[in-house]
Student: 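For reference, the structure I am asking about is given below.
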Number of protein chains: 2
Amino acid sequence: MKILVVDDDPRLRDLVSITLERAGYQVVTARDGQMALTHAMRETPDLVVLDVGLPELDGLEVCRKLRARSDVPILFLTARDDEIDRILGLELGADDYVTKPFSPRELVARIKAILKRSSARGTATVLRYGPVELDAAGHSVRVDGAALALTATELSILRQLMQTPEAIVSRPQLIDAIYGAGSAVADRTLDSHLRNLRRKLAEQGWGSAIETVHGIGLRMGTWPG
Amino acid sequence: MKILVVDDDPRLRDLVSITLERAGYQVVTARDGQMALTHAMRETPDLVVLDVGLPELDGLEVCRKLRARSDVPILFLTARDDEIDRILGLELGADDYVTKPFSPRELVARIKAILKRSSARGTATVLRYGPVELDAAGHSVRVDGAALALTATELSILRQLMQTPEAIVSRPQLIDAIYGAGSAVADRTLDSHLRNLRRKLAEQGWGSAIETVHGIGLRMGTWPG
DNA sequence: AGCTCCCTGCACAAATTCTGCACAACCCAT
DNA sequence: ATGGGTTGTGCAGAATTTGTGCAGGGAGCT
């Protein structure tokens with residue numbers, strides 16, 4: 001989980017960073033609104049901790065601009081109570097706020113709560129094609145409801161194929177996607193995994209799910225039924 | 001609502017006591033760290049007001065010890081600004097702090113805020129999955145109602161896993177979450193704790209609660225029944 | 001000081017998965 | 001039909017990942 005921390009006060013920035021890093025998050029910092037927007041685009045954080053009282057482009061403005069292009073959860077840091085009213089009044093789509101001074105524990109608790117909510121919202125990690133269901137987070141695959149025990153590599157192959165159903169994926173593409181690009185694994189190796197994967201699918205009665213297109217590549221088949 | 005006030009200065013103790021009593025709280029006092037711990041155990045206060053600069057066992061130490069067995073909210077009283085850094089930096093789990101000199105009104109306001117928050121957090125501190133119940137506040141775990149004696153690390157692991165049931169948590173993620181990020185604990189160490197945790201679960205008949213997904217991580221299992 | 005409990009991590013064993021060779025089977029254009 | 005290129009299969013050693021026995025060190029309690 002990556003978190004973008006935006007505050008102009010270096011001490012507070014450090015405090016928050018250290019706290020969050022201890023809590024197991026990856027942290028990126030920005031010291032003003034402009035930088036915040038740049039980083040938000042480039043780093044695609046999972047959450048933004050945003051100070052309201054930024055110089056120049058203030059926090060509320062940054063929030064509005066962020067919301068224009070992303071649904072990233074936002075947690076505001078506010079110094080004074082009257083700032084809270086502005087946040088609430090403006091309905092900017094902030095997810096929560098914490099008033100300074102705050103305790104690290106509190107901050108982490110709030111962040112966890114937000115992330116939990118937003119991950120509950122976005123259960124879109126499940127790929128589905130025909131009777132095959134692939135849950136990336138749980139590393140689990142079900143066929144007609146029955147769980148399939150796949151190894152990491154097998155699952156990786158299946159995911160690639162399911163990401164573009166009905167489209168043909170070439171072998172080099174697959175290999176690049178599974179191992180990094182420019183890896184030197186033999187073509188036969190891919191075949192081995194492919195075989196195991198097919199065998200496991202076949203045990204559930206879907207042996208023909210992955211079809212070979214000779215000389216071109218592989219694809220998650222056009223479903224028979 | 002019962003509040004424990006810990007300070008070695010009798011005048012300040014009285015001031016705080018009277019202020020709080022006027023605000024409608026029941027007050028218990030202690031003049032040193034040792035006494036504070038004793039009272040905290042016996043009286044189970046709803047909040048502790050703790051002076052940082054105590055003789056002998058200092059406030060930070062008291063806080064740490066309290067945290068070892070309870071989640072009671074803690075409000076620090078600090079004399080100097082540099083003490084604040086220590087509180088925040090150490091991430092002891094304090095909920096707020098007030099610098100001396102402070103106004104009685106300020107103190108009461110902070111206390112109200114903390115109590116409000118902690119009651120709002122309220123009953124959501126219990127994680128449950130299958131027959132396993134984890135009560136973060138009480139540091140206790142029950143399986144089919146039977147209490148399980150877990151060490152701090154074991155509990156930490158279990159909590160991480162239960163926070164995202166059915167999802168896989170990688171070993172690095174677990175290690176980052178339990179110790180700070182970027183810590184250098186051996187992989188085997190995690191295994192050791194894991195083994196102990198599993199053994200204890202097995203004694204209650206749920207040895208398979210935590211399953212291993214080879215090469216990926218661990219997960220709080222898909223429940224058998 | 002002595003005792004207990006917990007954390008940490010080494011050395012080794014066990015389990016699981018990955019890789020790729022040798023060869024057979026297959027597809028398609030000529 | 002035939003030959004060259006492509007894909008599937010049996011198999012086994014290599015490599016990685018995970019589990020276990022065990023022990024030293026340190027914190028806390030009496």
Side-chain angles (χ1 to χ4, degrees), chain A residues 139 141 148-158 161 168-180 183-203 207-219 221, chain B residues 33-34 37-38 41 56-57 60-69 139 141 148-158 161 168-180 183-202 207-219 221:
Chain A
H139 190 257
V141 176
L148 268 195
L150 299 188
T151 72
T153 310
E154 286 155 17
L155 190 125
S156 203
I157 293 173
L158 186 59
L161 292 173
I168 299 182
V169 183
S170 76
R171 277 152 187 276
Q173 267 170 27
L174 261 182
I175 291 180
D176 278 2
I178 295 166
Y179 313 91
S183 59
V185 278
D187 232 38
R188 270 340 83 231
T189 300
L190 177 60
D191 281 320
S192 281
H193 293 300
L194 211 44
R195 162 184 31 159
N196 294 333
L197 178 51
R198 277 170 165 156
R199 177 172 47 72
K200 288 175 182 176
L201 284 168
E203 282 166 10
S208 61
I210 298 172
E211 57 177 318
T212 295
V213 182
H214 193 97
I216 311 289
L218 300 152
R219 83 165 145 193
Chain B
Q34 201 52 57
L37 290 173
T38 311
M41 286 304 110
E56 314 212 12
L57 203 61
L60 302 175
E61 202 51 42
V62 173
C63 176
R64 201 197 317 276
K65 284 180 191 292
L66 276 177
R67 273 287 167 276
R69 359 188 180 185
H139 287 201
V141 176
L148 213 55
L150 298 187
T151 71
T153 310
E154 285 156 15
L155 191 120
S156 201
I157 293 173
L158 187 60
L161 291 174
I168 294 193
V169 184
S170 75
R171 290 167 113 86
Q173 267 171 27
L174 260 182
I175 290 178
D176 278 3
I178 295 166
Y179 315 91
S183 60
V185 277
D187 233 40
R188 279 325 94 232
T189 301
L190 178 61
D191 280 319
S192 282
H193 293 300
L194 212 43
R195 163 183 28 164
N196 295 333
L197 179 52
R198 276 171 166 155
R199 178 170 47 71
K200 288 174 182 176
L201 285 168
S208 61
I210 297 173
E211 58 178 320
T212 270
V213 183
H214 192 101
I216 310 292
L218 300 153
R219 87 168 134 202

Student: Tell me whether the OP1 or OP2 atom of C:dT17 has a side-chain N or O from A:T153 closer than 4.0 Å.
Tutor: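 For C:dT17, OP1/OP2 do not have a side-chain N/O of A:T153 under 4.0 Å.
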Student: If you find the nucleotide of DNA chain C closest to A:V185 and the one closest to B:L150, which residue's nucleotide is nearer the 5' end?
Tutor: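 Its nearest nucleotide lies further toward 5', so the answer is B:L150.
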Student: Would you give the length of the straight line joining atom OG1 of B:T189 to atom CD1 of B:I178, rounded to the nearest 0.5 angstrom?
Tutor: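 B:T189 OG1 to B:I178 CD1: 11.0 Å, rounded to 0.5 Å.
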Student: Taking NE2 from A:H193 and C1' from C:dG20, how many angstroms apart are they, rounded to a whole number?
Tutor: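 Rounding to the nearest Å, NE2 of A:H193 and C1' of C:dG20 are 10 Å apart.
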Student: Please give, in whole Å, the distance from C:dC6 C1' to B:L155 CG?
Tutor: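 So the CG-C1' distance, B:L155 to C:dC6, works out to 14 Å.
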Student: Whether B:T189 contacts C:dT8 is assessed here as follows: a side-chain N or O lying under 4.0 Å from the phosphate OP1 or OP2. Is that the case?
Tutor: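 Indeed not, no polar side-chain atom of B:T189 lies that close.
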Student: Can you check the A:E211 CD to C:dC26 P distance for me, whole Å?
Tutor: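 In whole Å, C:dC26 P lies 18 Å from A:E211 CD.
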Student: To the nearest angstrom, how far is A:L197 atom CG from C:dC18 atom C1'?
Tutor: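 After rounding, the gap between these two atoms is 15 Å.
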Student: Show the numbers, then the answer: is there a side chain to side chain contact (heavy atoms under 4.5 Å, CB included) between B:L150 and B:I157?
Tutor: CA-CA 10 Å; B:L150 298 187; B:I157 293 173; over 6 Å; no
Student: Rounded to whole Å, how long is the line connecting atom CD1 of A:I157 with atom C1' of C:dT17?
Tutor: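 From A:I157 CD1 to C:dT17 C1': 13 Å.
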Student: Please report the distance, rounded to the nearest Å, between CD in A:E154 and P in C:dC18.
Tutor: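 For the pair A:E154 CD and C:dC18 P, the rounded distance is 6 Å.
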Student: Got a second to check how far A:R219's CZ is from A:I168's CD1, nearest 0.5 Å?
Tutor: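 Taking CZ in A:R219 and CD1 in A:I168, the distance rounds to 5.0 Å.
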Student: Would you give a per-nucleotide map of nucleotides 16-22 of chain D, 5' to 3', where B means the base has a protein non-hydrogen atom under 4.0 Å away, S means only the sugar-phosphate does, and - means neither?
Tutor: -BBBBBB
Student: For B:R199, give me all partners under salt bridge (Lys or Arg N to Asp or Glu O under 4.0 Å), at least two apart in sequence or on another chain.
Tutor: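 Once residues adjacent in sequence are excluded, the partners of B:R199 under the salt bridge (Lys or Arg N to Asp or Glu O under 4.0 Å) criterion are B:E203.
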Student: Side chains of B:L201 and B:L148, heavy atoms from C-beta outward: is any pair under 4.5 Å?
Tutor: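 The answer is yes; the side chains approach within 4.5 Å.
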Student: Estimate the overall bend of the helix from C:dA1-D:dT30 to C:dT30-D:dA1 from the end axes over five pairs each, rounded to 10 degrees.
Tutor: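 Helix axis angle between the two ends: 30°.
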Student: Under 4.0 Å between a side-chain N/O of B:Y179 and OP1 or OP2 of C:dC7, yes or no?
Tutor: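 For C:dC7, neither OP1 nor OP2 has a side-chain N or O of B:Y179 closer than 4.0 Å.
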Student: Taking atom P of D:dC29 as reference, at what distance in whole Å does atom CD of B:E61 sit?
Tutor: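 After rounding, the reported distance stands at 10 Å.
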Student: Just verifying a value: how many Å separate A:T153 OG1 and A:L158 CG, rounded to the nearest 0.5 Å?
Tutor: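 Result: 12.5 Å between the selected atoms.
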Student: Tell me the interatomic distance from A:L190, atom CG, to C:dC21, atom P, rounded to whole angstroms.
Tutor: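 After rounding, the reported distance stands at 14 Å.
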Student: Does some side-chain heavy atom of B:L57 sit less than 4.5 Å from a side-chain heavy atom of B:L37?
Tutor: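 Yes. Closest side-chain heavy atoms under 4.5 Å.
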Student: Is there side-chain contact between B:T212 and B:R198, with at least one heavy-atom pair below 4.5 Å?
Tutor: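 SC-SC contact between B:T212 and B:R198 confirmed.
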Student: Side-chain contact test, heavy atoms from C-beta onward, threshold under 4.5 Å: evaluate it for B:T151 versus B:N196 and give yes or no.
Tutor: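 Side chain of B:T151 against side chain of B:N196, heavy atoms only: no contact under 4.5 Å found.
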